[in-house]
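Okay, so here's the structure we're looking at.
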Amino acid sequence: MSYATQKLAEEKVFKDPVHRYIHVRDQVIWDLINSREVQRLRRIKQLGTSYLVFHGAEHSRFNHSLGVYEIVRRIVDDIFHERPAWDESERLVVLCAALLHDLGHGPFSHSFEKVFHVDHEVFTREILLGDTEVNGILLKVAPDFPKKVAEVIAKTYPNKQVVSLISSQIDADRMDYLQRDAYYTGVSYGHFDMERILRVMRPVEDQVVIKSSGMHAVEDYIMSRYQMYWQVYFHPVARSAEVILRKILQRAKELSESGYKFEQPPTHFMAFFNRTFHLKDYLALDEGVLMTYFQLWMQERDPILSDLSDRFVNRRLFQYVDFDPGKDYRKLGELSQLFRKAGIDPDYYLIDDSTSDLPYDFYRPGEEEERLPIHLLMPAGEIKELSRSSQIVDAISGKRRTDYKLYFPAELLIDGKKKAVKQQILQMLREGGV
Ligand code: CA
């Protein structure tokens, strides 16, 4: 028997709070789960800094990756199996892509990627194709198999049915994270009838469609996604922690470049500071490593690095006000000057941050996150794009919502010296418009 079709002597199951059980029968999947690069995902939280707001949200990218795998496994083994429009030989590649789709995520991905201008998708590709345990396992399937898995994740794989199970507007990735993040944060949004959606998914020609009888379950899914974004993913307090994290990394980089003598030198970050990093430098990082640095940096002589680290570790976060950079750009300049006058460095203590989402869209050429639309299979066999059948979805289609905030350390503005300037700052912040 070839490695690609080899089954375990006995099925393995993982207990999972969202899907109850995750089933593994394939030797390849079992070996991948036990590889170093997949185990590393246990040390990276799925929701980054959100645990500082929702204390239950400590689940890892490992949890989520297994969940995405399980959803795809159910689709291909229980729903698509033996349907003429589904090519059975795609089973293993889509299962592997599901399990490995987030492999390149690093510690606190969003902040880390912003500061060091790296991209987790590039690392995913490097882990799949480079000198890693994951690559060794995939190579045993076939010489071109690692490349195929990488293509599915990069959405360039020729069979679009396979691609859309991993990344479309209703894919296994989103279906898992919405439910999982709802479960661990404890919010009441994010729940929808996934069993129903899976049952009405159909492979046709070059796509996966939803039988029109499942439209209401899909509407519910889109609404949960919409609400999760505003209630959880864009939470302004979690973003405050992200802002501080970005500033810690930025300060450490700046100090290192200016020749500052660290008590605890930023050894693990040097390759990222001077952009000479390789995959092994990236894989050596996880959230435990970063937290250790922040703990130690609380004792640094540099007051900014030590203060920011203390803020992150002990959750002394920045306050925020609504801020529209289009309207209030000049005010931001004035505020920066007042911060300087008050002896507070605005580069580290006055930060504007924006975030946005598009709840559902049917056609977005050239957008950074172009995703396949949701198509309904009508009773007579024709195919109709979702927003043309659903008024609810039509109402929120294509409307990008952006949230702008301005972050600052409120308590530094209240006590101590330079009272008049500080009062002027508080007045401006309170006035709105900013
Ligand atoms: Ca994911």
Side-chain angles (χ1 to χ4, degrees), residues 14 16-19 22 29 32-33 35 37-51 57-75 93-113 118-128 134 149-157 162-185 190 192 194 197-198 208 221-222 224-226 228-229 232-234 238 242 282 286-287 355 357-359 368-372:
F14 292 79
D16 183 79
V18 176
H19 306 306
I22 285 160
I29 297 297
L32 286 171
I33 291 171
S35 68
E37 296 84 19
V38 173
Q39 289 293 317
R40 168 183 163 275
L41 298 176
R42 289 183 187 271
R43 307 190 300 272
I44 293 168
K45 283 191 281 297
Q46 172 72 8
L47 285 183
T49 59
S50 297
Y51 72 98
E58 301 246 7
H59 56 303
S60 69
R61 294 204 180 265
F62 180 81
N63 294 203
H64 164 64
S65 299
L66 286 184
V68 177
Y69 153 81
E70 176 63 14
I71 294 174
V72 171
R73 191 199 62 75
R74 280 195 215 166
I75 295 171
V93 75
V94 74
L95 290 181
C96 291
L99 179 67
L100 304 175
H101 77 284
D102 271 350
L103 205 52
H105 271 290
F108 302 112
S109 276
H110 295 297
S111 313
F112 194 90
E113 292 186 8
V118 296
D119 180 352
H120 69 268
E121 288 178 11
V122 173
F123 286 116
T124 299
R125 201 181 149 74
E126 279 192 34
I127 297 170
L128 294 171
V134 161
V149 175
E151 283 174 1
V152 175
I153 297 172
K155 300 177 240 177
T156 55
Y157 194 67
V162 170
V163 172
S164 71
L165 291 180
I166 312 292
S167 48
S168 62
Q169 300 199 56
I170 186 154
D171 57 28
D173 181 20
R174 289 181 174 185
M175 285 196 274
D176 184 79
Y177 74 62
L178 290 175
Q179 297 178 86
R180 190 167 300 278
D181 297 342
Y183 176 88
Y184 284 99
T185 52
F192 58 92
M194 184 180 78
I197 294 176
L198 297 190
V208 174
Y221 152 86
I222 289 180
S224 1
R225 180 168 181 277
Y226 176 80
M228 281 296 281
Y229 267 78
V232 176
Y233 303 133
F234 295 165
E242 261 182 41
Y282 190 68
D286 59 34
E287 287 172 5
T355 187
D357 179 52
L358 203 56
E368 77 285 355
E369 214 212 340
E370 203 175 321
R371 293 211 175 204
L372 302 165

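Both counts, for ligands and for their atoms, begin at 1 and track the order of listing. Worth saying up front: this structure is predicted, and the values here are computed from it rather than measured.
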What residues, two or more places apart in sequence or in another chain, satisfy side-chain contact (heavy atoms from CB on, under 4.5 Å) together with Y183?
P17, V18

Strictly under 3.0 Å of the Ca ion (ligand 1): which protein N/O/S atoms qualify?
H64 NE2, H101 NE2, D102 OD2, D173 OD1

Taking atom NE2 as the centre, does H120 end up with more than 12 heavy-atom neighbours from other residues, nucleotides or ligands that are less than 6.0 angstrom away?
yes

Side chain Y177, main chain H64, donor-acceptor under 3.5 Å
no

Test ring pair (Phe, Tyr, Trp, His ring centres under 6.0 Å) applied to Y221 - qualifying residues, sequence neighbours left out:
F192

E70 with R73: basic N within carboxylate O range, under 4.0 Å
yes

Those residues at least two apart in sequence (or on a different chain) that pass side chain to side chain donor-acceptor pair (under 3.5 Å) with E287 are K45

